[in-house]
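The structure under discussion appears below in the form of structure tokens.
Just so it is clear: chains get the letters A, B, ... in the order the sequence lines come, proteins before strands, and each one is counted from 1.
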Amino acid sequence: MRRVRSITPHVYGWLLLTPAAILLIAFTHYPTVATLVQSVFSKGTAIRPSAFVGLNNYRLLLEDTVFWKVLWNNVLFGIGTIPTSIALAILMAVWVNGKLPARALTRLAFFTPTILPMVAVANIWLFFYTPEIGLLDQIGRVFGFASHNWLGDPDTVLWCIVVMTVWKEAGFFMIFYLAALQSLPPELEEAGRLEGASRWYYFRRVAFPLLMPTTLFVSINAVINSFKLVDQLFILTKGGPDNASSLLLYYIYEVAFSFLDVPYAATLTMVLLSALAIIAVGQFVFMDKRIHYR
Amino acid sequence: MTWSIRTAFVGLAVAGALVLAPFSGAMAVELTMYYPVAVGGPLTKTVDGLVADFQKENPDIKVNAIYAGNYNDARIKALAALKSGQPAQLSVMFSIDIYELIEQDAIVAFDDIVTTDEDRAWLDKFFPSLMENGRTANKTWGIPFQRSTIVMYYNKDAFRDAGLDPNQPPATWDELVTMGQKLTKKQGNNVERWGVMIPSTGYPYWMFGALTMQNDQVLMNGDGNKTNFDAPATVEALSYWLDLGQKHSVMPSGTIEWGTLRQNFLEQKTAMMWHSTGNLTAVKKNAKFDFGVAMLPAKKRRGTPTGGGNFYIFKDSTDEEKQAALKLIKFLTQPERTAEWSIKTGYIGTRPDAYETPALLSYVKEFPPAAVARDQLEFATAELSTYQTGRVRKLLDDAIQAALTGSKSPKDALSGAQSEADRLLRSYR
Amino acid sequence: MSRQFSRDLGRGLEVAAAWLLALLWISPLLYAFWSAFHPAEYATHFELGAPLTLENFETAWSQAPFARYFLNTVLLVTLVLIAQFVLCTLAAFAFARFEFWGRNFAFALVLVQLMIMPEVLIVENYTTMSHLGLVDTILSIGLPYMASAFGIFLLRQTFKTIPKELDDAARVEGCSMMQILLKVYVPLARPTYLAYGLVSVSYHWNNFLWPLIITNSVTTRPLTVGLAIFGAPESGVDWSIITAATLLAVAPLLVAFLLFQRQFVQSFMHAGIK
Amino acid sequence: MAAISLQNVTKKWGEVTVIKNLSFTVEEGSFLVLLGPSGCGKSTTLRMIAGLEIADGGTIRIMDRDVTHEPPAQRGISMVFQSYALFPHLNVEENILFGLNVRKVAREEKQQRLGEVAKMVGLSALLARKPAQLSGGQRQRVALARAIISRNSICLMDEPLSNLDAKLRHEMRIEIRALQKRLGVTVVYVTHDQAEAMSMADRVILMRDGDIDQIGAPDDLYETPATVFAASFIGTPPMNLLKTVSTTEGTAIAGAEDHPLLVDTGKDFIIGLRPEHISLSASRGVPAILGASDYLGADTILTARIQNQDVLVRVAGHAKVRTGEQVQLNWENENMCVFDAASGRRVEDFRLSRAAA
């Protein structure tokens, strides 16, 4: 034991790592590579076997108007959900961190969407958005607005999805901000109050900059989620009308499991992977910063 | 500590057993049937009941029914099961999956299994329009079972309210517009009740298939390798659909949600709706007003696509299994069973002689709307189905929605879809 | 005086805004309660005097095998949680306390999963599962999530904050490596396990896309998929029954959260998830 | 004019009253120390003056203005926190200028004041640094500078030196006192360190359980402690407090019945004697036996025992004594404090017994 001491940590380290490593390789690294390989083959059927087609799938991708639409939707979806849910999360955290009456109840209300399954609540949101008989239209009618076909109008449908997603996400992010806010020393706020800083000034100049690591962590989560959260589409819109609310991952699902075109789905997945890789690089840069900061 | 570890182990073992759910048991012939049922409710019970009857008559055949979800799920699951070597001998799948299944070399034609003349005669016992989707290349690949079509539900009270004859629903496109206008009730800017709603999410191509048929135009050829999306009659049909909302204002503009439409009708937010016969039972149960069911109106002729699921037999099974599967399908499509099935589920009886059984005769008498779908079958046609059917269907769906939401003109939308479809189907010609 | 007044007014408005937002946030749940406990004709009408009923729950319960879905979900969540705890603990311990060849490289490979979650790789993972013959098993739903990069990362961070002296002290007392892990590291990381466990449970309780793809029978389908199939708009939306089913499905998690709300938030803070 | 005055100020945490009817005033330009053990309410009092806590009863006036319900920023005060409360993401300059930025003071004036203050506290070279890059003493100076630059006439300090090491603490004590004198500001300074209080204060308020135990100049507190508590709290080592017994001859230190000190009044007393006021003699005085000796360099603290009571005695230089040696303890009667054993309060009108006199 003593004699082989120098070798022990290596053996131990790898032994401990092995179970996790096997699964990670099997379900993260291998499929990533397999996706790349798959994307240069054609769709195979029993009659026509799959064949190597080089970059043909990528060429099709460039010509695929649905792909561009879906990608653009995803960008809009990100722009719509990420800043809004973060801003709301901060606002909620500040509220429930302060002296709010019925604070526990309010916190519960904010957090509840996080623990509700997206597919289950999507049906409830369907009721909100349904024209004529839906809640939005019922309320609108009281104020004399004409009925609007929220999910049937390409100009509003994506924003309906955005609103629902923000609703789902903000409370989750709030928890991170709440934890961060509670770790700020209270004297900082007192020092600010003594100097006559308004709550807004204090927030803008002190709290918000100090929450920056949290904000970066949360925004990366939000960015990932903006590519990942498609559950609601299955119930609310199926990506319609005319792909106006479709997102990249939903399109991948459609291509793979509805059109049974695995190679093209792999090609689309490569786009998604590249997008995530770019974010990953961004995150490493940020992590460096965070270490210096603390 | 030790105790809790032991319980954890026992728990794990039990969980493992449940998680891996091993297959077991072997009988003379064992059939695995995939069935597209979403709801585990009455329908599964009906199917289970029919299967049990069959097993009683044929004790040497055991049938495992796997309820796999919607049509899309059922197809994916069945194909995946075949690919990974799990047993599957037959399945009810979307009637329009035929080309995909042929391309995957997954199914056999019934012509190749039937042996007796009686069996061959059996193949011709069904409504011809229901057989259209199951036949290609001069062979029969699918036997109609869980089939539906589109009918028009209308609110008789609303007709009376608008001064119309509740027993004279619109029979032509023009009547649909003029009656629709009378039925549309406005209060200021707000529409209290629309004239008609045709759903344009979920299955827009299906509704559209009705409109084009009424304009005497089919959407594709019988070989599944050519579409007619840009035919003038097709464009005209889409223009009419668009005009119902935009020009005549008898229907809301934008898309209309398939899933919530029934609720809209039940809440009397629309006087008429086009919907699947599958809604009949629910409408009958929940309508608080006098309602009627009518055939869809005509332009040049009446028309509707059929819809729903057919029986297929998988190629990768033994002859014995194929014969057993055939036996099961024949059993389930006997006139009496078909009648029972139709009464219990609201799906169409798939063969004319089923409507002559005492059960269905008395049912139709008691509830005349049940006959409308049958009568309309005379004018029915196949549902859109081609090679690469998922893609082609989505092209049409997108084009319809693009036109209805005003982002493209019907002509542009449809010719775009047509050229894309041509690109996809060229290699199959 | 007026300054005081405007301060109070501002404060009042703020409280009102917070409450309004809270009301908006809880409204889908409120609606679910309304619709589930009233007959179908009140699903879209709000009248104070509407009669109460439990019929929707009965209907929902009898129309779909929710009991089985429940069991599936509980099995899934338990399986995933146990596997994650074991795998992530071992891996995190390796990263936190051993200097081994290729450690940094291995860690970087682990972190890749933070970005490329199993959701992105559904297509290839489905193929893998069908090669393994695992399609339509509960194991296959959980497998891609078991080696969780987030869990490894989180536990590694926690383990690193544990003073090396404790480790040394245990070694002096004659503990083996595994004993040190089980008796020193794991107990000290309890808040992290709790927070991670809660996140994991709620994640897998609510996960949808992958289980939708990989399962196809009642015996494996988790609640979310069962619910989605049950409430799929294809068959026409009946909100009373869907909301009743929804409430049935979320009730355990909701009740657990109500009971453990405080611990939940606190464990987040202790775990240093911020 | 009183810079600060508190009248009957009360503070409750829930059901517990932590500050009971507190009243005192602080003279303009003076250095007041709130002294007391932890939990005595001194910090709460300071925070109520600052407006960080709101008093539940009574009035707080600053420069003759009722500020009881004013927010902190309206009170015209600055404050130095125990933890310094420096903003970690701002550099020294930004930290110092934080308040002026809030008040939107003109740029030139800010720079001019910054220059002045930075020079005053010796931070001119460090303005661009972040707090994390500063030593404890430097952070302390930033906190001071932030308080000074506002030019408020009142500065509140909450244990500002407790996070520094002993040597630095000593330096800062002198520096803060010098700054206060130079700027002429009124300082209210909270500490639990009696040495700090004695060396810096013009006046000390000794607090105990939310109440004032004694107010006075440092030497008042040292020489004439009002209570046993004050006597035991102030001085290193603190005053010897010895129990008495009644004898026929008078009241004597328990264990030294032969040497009655006071005329017996039937009450129990406590005799207080500062260690430095006691001298050893071979011939006359209260007999005691020497125990441990603690050599501190300039002097030595001897522990003598009178029966079972310890008495500390400070003698100059390195006293060479033997443990167990019998000695006599002597002191001047004017240096002797007498407290009522029951109330713990100082007794002024005691009468010395004949023997002692």
Are the side chains of [Y] and [X] in contact, using a 4.5 Å heavy-atom criterion?
X: A:Lys238; Y: A:Tyr250; result: yes
X: A:Asn225; Y: A:Phe173; result: yes
X: C:Met146; Y: C:Leu139; result: yes
X: A:Arg199; Y: A:Arg193; result: no
X: C:Phe153; Y: C:Val110; result: no

Using heavy-atom distances under 4.5 Å, tell me whether [X] contacts chain C through its side chain, its backbone, both, or neither.
X: A:Leu272; answer: side chain
X: A:Pro101; answer: both
X: A:Thr130; answer: side chain
X: A:Trp95; answer: side chain
X: A:Tyr30; answer: side chain
X: A:Phe110; answer: both
X: A:Ala26; answer: backbone

Relative to chain C, which of [options] shows the most heavy atom pairs under 4.5 Å?
options: A:Thr112, A:Val11, A:Thr35, A:Ile133; answer: A:Thr35
options: A:Arg107, A:Met118, A:Gln38; answer: A:Arg107
options: A:Asp231, A:Leu105, A:Leu23; answer: A:Asp231
options: A:Leu135, A:Val230, A:Ile115; answer: A:Ile115
options: A:Thr18, A:Thr106, A:Leu15; answer: A:Thr106

Heavy-atom proximity to chain A below 4.5 Å, by part of [X]:
X: C:Pro28; value: both
X: C:Glu99; value: backbone
X: C:Phe95; value: side chain
X: C:Leu181; value: neither
X: C:Arg11; value: side chain
X: C:Ile213; value: side chain
X: C:Thr243; value: side chain
X: C:Ala106; value: side chain
X: C:Ser27; value: both
X: C:Phe208; value: both
X: C:Leu24; value: backbone
X: C:Leu253; value: both
X: C:Gln84; value: neither
X: C:Ala249; value: neither

Does any N or O in the side chain of [X] come within less than 3.5 Å of the main-chain N or O of [Y], such that one atom is a donor and the other an acceptor?
X: A:Asn97; Y: A:Ala93; result: no
X: C:Trp25; Y: A:Phe111; result: no
X: A:Lys168; Y: A:Leu116; result: yes

Ignoring hydrogens, what is the shortest heavy-atom contact between [X] and [Y]? Give both atom names and the distance.
X: A:Ala265; Y: C:Val123; answer: CB-CG2, 4.0 Å
X: C:Ala228; Y: A:Ile235; answer: O-CD1, 4.2 Å
X: C:Leu227; Y: C:Ala245; answer: CD1-CB, 3.6 Å
X: A:Ala170; Y: A:Ala89; answer: O-CB, 3.5 Å

For chain A, find which of [options] contributes the most heavy-atom pairs closer than 4.5 angstrom.
options: C:Val15, C:Leu29, C:Leu21; answer: C:Leu21
options: C:Asn125, C:Thr246, C:Val250, C:Ile26; answer: C:Asn125
options: C:Ala18, C:Ala91, C:Ala94, C:Ala147; answer: C:Ala18
options: C:Thr89, C:Ile116, C:Leu258; answer: C:Ile116
options: C:Thr128, C:Val86, C:Leu109; answer: C:Leu109
options: C:Asn207, C:Leu247, C:Leu212, C:Val201; answer: C:Leu212

Legend entry - Sub-6.0 Å ring centroid separation between C:Trp34 and C:Tyr31: no
Inset, instruction - Kindly determine whether A:Phe259 and A:Tyr264 satisfy ring pair (Phe, Tyr, Trp, His ring centres under 6.0 Å), including the steps that lead there. - result: CA-CA 10 Å; A:Phe259 307 161; A:Tyr264 191 58; 9.0 Å; no
Legend entry - Any side-chain donor near an acceptor of the partner, A:Ser258 and A:Tyr253, under 3.5 Å: no
Legend entry - Parallel, tilted or perpendicular, as decided by the 30° and 60° cut-offs, for the rings of A:Trp125 and A:Tyr129: tilted
Inset, instruction - Flag this pair as yes if the NZ/CZ of C:Arg97 is under 6.0 angstrom from the six-membered ring centre of C:Tyr185 and inside a 45 degree cone about the axis; otherwise no. - result: no
Legend entry - Gap between atom CG of C:Leu87 and atom CG of A:Leu24 - 0.5 Å precision: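 Going from the CG atom of A:Leu24 to the CG atom of C:Leu87 covers 9.0 Å.
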